[in-house]
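Just below is one structure, and these are the notes that go with it.
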Protein chains: 2
Amino acid sequence: MSDDDSAVARERVIESMEQSAEVYGLSRSAGRIYGVLYFASDPLSIPELVDETGYAKSTVSNVTRTLSRVGLIHRRSSTGGGRRVRFEAEREVWFILQDVFQQYIQREVQTTLRTIRRAEEQVPEDAREQEPIQNLRETYEDLEEIVQLASEYSAAELREALETYEQ
Amino acid sequence: MSDDDSAVARERVIESMEQSAEVYGLSRSAGRIYGVLYFASDPLSIPELVDETGYAKSTVSNVTRTLSRVGLIHRRSSTGGGRRVRFEAEREVWFILQDVFQQYIQREVQTTLRTIRRAEEQVPEDAREQEPIQNLRETYEDLEEIVQLASEYSAAELREALETYEQ
DNA sequence: TGGTTTGTTCGGATTGAGCCGAACAAACAG
DNA sequence: CTGTTTGTTCGGCTCAATCCGAACAAACCA
C-alpha cells in the first residue's frame, strides 16, 4: 500500500534527522520535531506536535523554543493574536546550514583567533612557544577568511567556485 | 618575567584548545592533552602526560587512544621495540581539520544522502512527501560535492578559490 | 462566571559521558 | 627470579543533559 510506503519513507528521513541533530549539537527530540514540521503541510501547534511525536508537552515546549532561537523553525503567532502558537519548519536546508555555520563555526574560529593573537603578543621574542603559536595563528587566519566567504555564498555558488577553481 | 609570560600564553592557548575540542565532539581532556603535546619539543609518554596534565593514568591512556584514532596525535612506538610508547602532536592543524571534516561531516553527509535516496525511491510518485524529500536530496547532493572538493584543497587553495570566484 | 484548552516553568528520574582508582598484564632492570 | 615501570581494562562515582509529569498561568468558550 502506497500510504504505508510514504509513511515508512517519511519515518526513515526523520530518523536520519534525529541523527543529524546530534551532530549539530541538538537533541534527538529536536531532530524529530523538526522532521515532523518539515513534512507537515501546515504549521503545527504544541498539542499537535505532542500527538505526532509522543513527547511530553513540556519537552515540545522547550525544544520548540531552542529550535526557534537557532532558526530551524519559525513561530507563527496565530491569526487574531490568540494564544495558540504554531510552528513551521524552515525548509531551505541550506539556510539552516549557513546559520549553524555562522553561529557555531564562525564564532568558534573568531574567539579562538582572538585568544591566539593575545597569546602571541604576550610571548617573548625568542621563546620556544613563539613558532607554534604563530603557525596556529596563520592557519586560523586562513580559516576565518574561508568561513567568512563560504557563509556568504549559496550552495550552488559554493559548488561552482570549487569546481571551476584550478583551471 | 618572560618564562612566566610564555607559560601563561601557552596555558591560554591550551585552554582554547580544550574549548575547541568540545566543538569537535571531543572531551576537554582531549583538548588539553593535544595542547600539551602540541607545545612539547619532544614526544611524551603516558607518565609524562600524567605529570603535565594532572589527569589519571587511565584517562590519559583512553584519551591518547581516541586522539590517535582520529589522527590528532601520532603513536611513536619507542626505539628498540620497547614497551614505552610516546605520542607526538600532529602540528599541521589544517590536516587535522581536513580529517575531522572527512571523518565527521563527510560521513554524516553521505549516510544521510543514502537514506534520503532510498526514501525517495520508496515514496510513490504523487505522494505529498515526494517534493520535500527531493529538495532535501538536491541540497545534500550539493553539500556532498562541496565537502568532497573542500577536503582535497589546502587552506591556501581553498581561500584562493573562494576569493577569486566571481571577481 | 466557571470550565477547557494551550503554553511555560519547576522539580525529579534516568541516562550517558568523563574521569578516577584499583587491578591486571607486559616489559624491563637488578 | 624479584621488584619496578609502563600501559590497558574494569567498575564506580559524579555531573550534566534529556525527558517527564505536575503545577501554574493565560487565553478561549459556553
Side-chain angles (χ1 to χ4, degrees), chain A residues 14-15 17-37 42-70 72-88 104, chain B residues 14-15 17-37 42-70 72-88 104:
Chain A
I14 291 180
E15 278 169 6
M17 287 175 173
E18 283 182 335
Q19 200 164 348
S20 298
E22 285 187 322
V23 175
Y24 298 145
L26 298 170
S27 58
R28 294 186 70 84
S29 55
R32 172 155 297 268
I33 288 175
Y34 173 81
V36 168
L37 289 174
D42 298 304
L44 300 181
S45 67
I46 289 187
E48 288 166 333
L49 282 171
V50 169
D51 284 346
E52 294 281 335
T53 63
Y55 284 114
K57 205 172 42 157
S58 56
T59 303
V60 174
S61 175
N62 288 320
V63 170
T64 48
R65 178 146 35 98
T66 61
L67 283 177
S68 299
R69 183 162 39 79
V70 188
L72 275 152
I73 66 178
H74 302 289
R75 245 187 128 88
R76 302 273 179 241
S77 294
S78 176
T79 56
R83 182 159 170 74
R84 186 153 189 159
V85 176
R86 296 179 174 284
F87 296 94
E88 188 172 13
Y104 283 71
Chain B
I14 291 180
E15 277 168 8
M17 286 174 173
E18 284 182 336
Q19 201 165 348
S20 298
E22 284 188 321
V23 175
Y24 298 143
L26 298 170
S27 58
R28 296 186 69 83
S29 54
R32 171 156 299 268
I33 288 175
Y34 173 81
V36 168
L37 288 173
D42 298 304
L44 299 182
S45 67
I46 289 186
E48 287 165 334
L49 282 171
V50 169
D51 283 346
E52 294 280 337
T53 64
Y55 284 113
K57 203 171 44 157
S58 55
T59 302
V60 174
S61 174
N62 288 320
V63 170
T64 48
R65 177 145 38 97
T66 60
L67 284 177
S68 299
R69 183 161 40 79
V70 188
L72 275 152
I73 66 178
H74 301 290
R75 247 188 126 89
R76 302 274 180 240
S77 293
S78 177
T79 56
R83 181 158 171 73
R84 186 152 190 159
V85 176
R86 296 180 176 282
F87 296 95
E88 188 171 13
Y104 282 72

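Side-chain atoms are counted along with the backbone in the values below, which use heavy atoms only and exclude waters and symmetry mates. Every chain is numbered from 1, with letters handed out A, B, ... down the list of sequences.
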> Which listed nucleotide (D/dG7, D/dG21, C/dT9) is nearest to the side chain of B/Ser61?
Replying inline: D/dG7

> Rounded to the Å, how far apart are A/Glu48 CD and C/dT5 P?
Replying inline: 14 Å

> When the distance from CG of A/Leu26 to C1' of D/dT18 is rounded to whole Å, what number comes out?
Replying inline: 13 Å

> With no angle test and no hydrogens, is the base of D/dG21 tied to the side chain of A/Ser58 by a donor-acceptor pair under 3.5 Å?
Replying inline: yes

>> Could you tell me how far apart A/Tyr55 (OH) and D/dA17 (P) are, to the nearest whole angstrom?
In response: 18 Å

>> Among D/dC20, C/dT8, C/dT6, which nucleotide has an atom closest to any side-chain atom of A/Ile46?
In response: C/dT8

> Is there a side-chain contact between B/Ile14 and B/Val36 (heavy atoms, below 4.5 Å)?
Replying inline: yes

> A/Arg28 or A/Lys57: which one's nearest nucleotide on DNA chain D is closer to the 5' end?
Replying inline: A/Arg28

> Is any side-chain heavy atom of A/Phe87 less than 4.5 Å from a side-chain heavy atom of A/Arg76?
Replying inline: no

> CZ of B/Arg32 versus C1' of C/dG18: gap in Å, rounded?
Replying inline: 15 Å

> Between D/dC19 atom C1' and A/Asn62 atom CG, what is the distance in whole Å?
Replying inline: 9 Å

> To the side chain of A/Thr59, which of C/dC20, C/dG7, D/dC20 is closest?
Replying inline: D/dC20

>> Check the phosphate of D/dT18 against A/Ser29, side-chain N and O only, distance under 4.0 Å to OP1 or OP2. Yes or no?
In response: no

>> How many whole angstroms separate atom CZ of A/Arg86 from atom P of C/dT5?
In response: 15 Å

>> Output the rounded distance in Å from CZ (B/Arg65) to C1' (C/dG18).
In response: 14 Å

> Looking at side-chain heavy atoms only, is the closest gap between A/Arg32 and A/Glu15 below 4.5 Å?
Replying inline: yes

> Which pair of heavy atoms, one from B/Glu48 and one from B/Pro43, lies closest together, and at what distance?
Replying inline: OE1-O, 4.2 Å

> In whole Å, what is the span from the CZ atom of A/Arg76 to the C1' atom of C/dG7?
Replying inline: 19 Å

> So which heavy atom on B/Tyr55 is nearest to which on B/Arg28, and how close?
Replying inline: OH-C, 4.3 Å

>> Base, sugar-phosphate or nothing for A/Ser27? Non-hydrogen atoms, less than 4.0 Å.
In response: sugar-phosphate

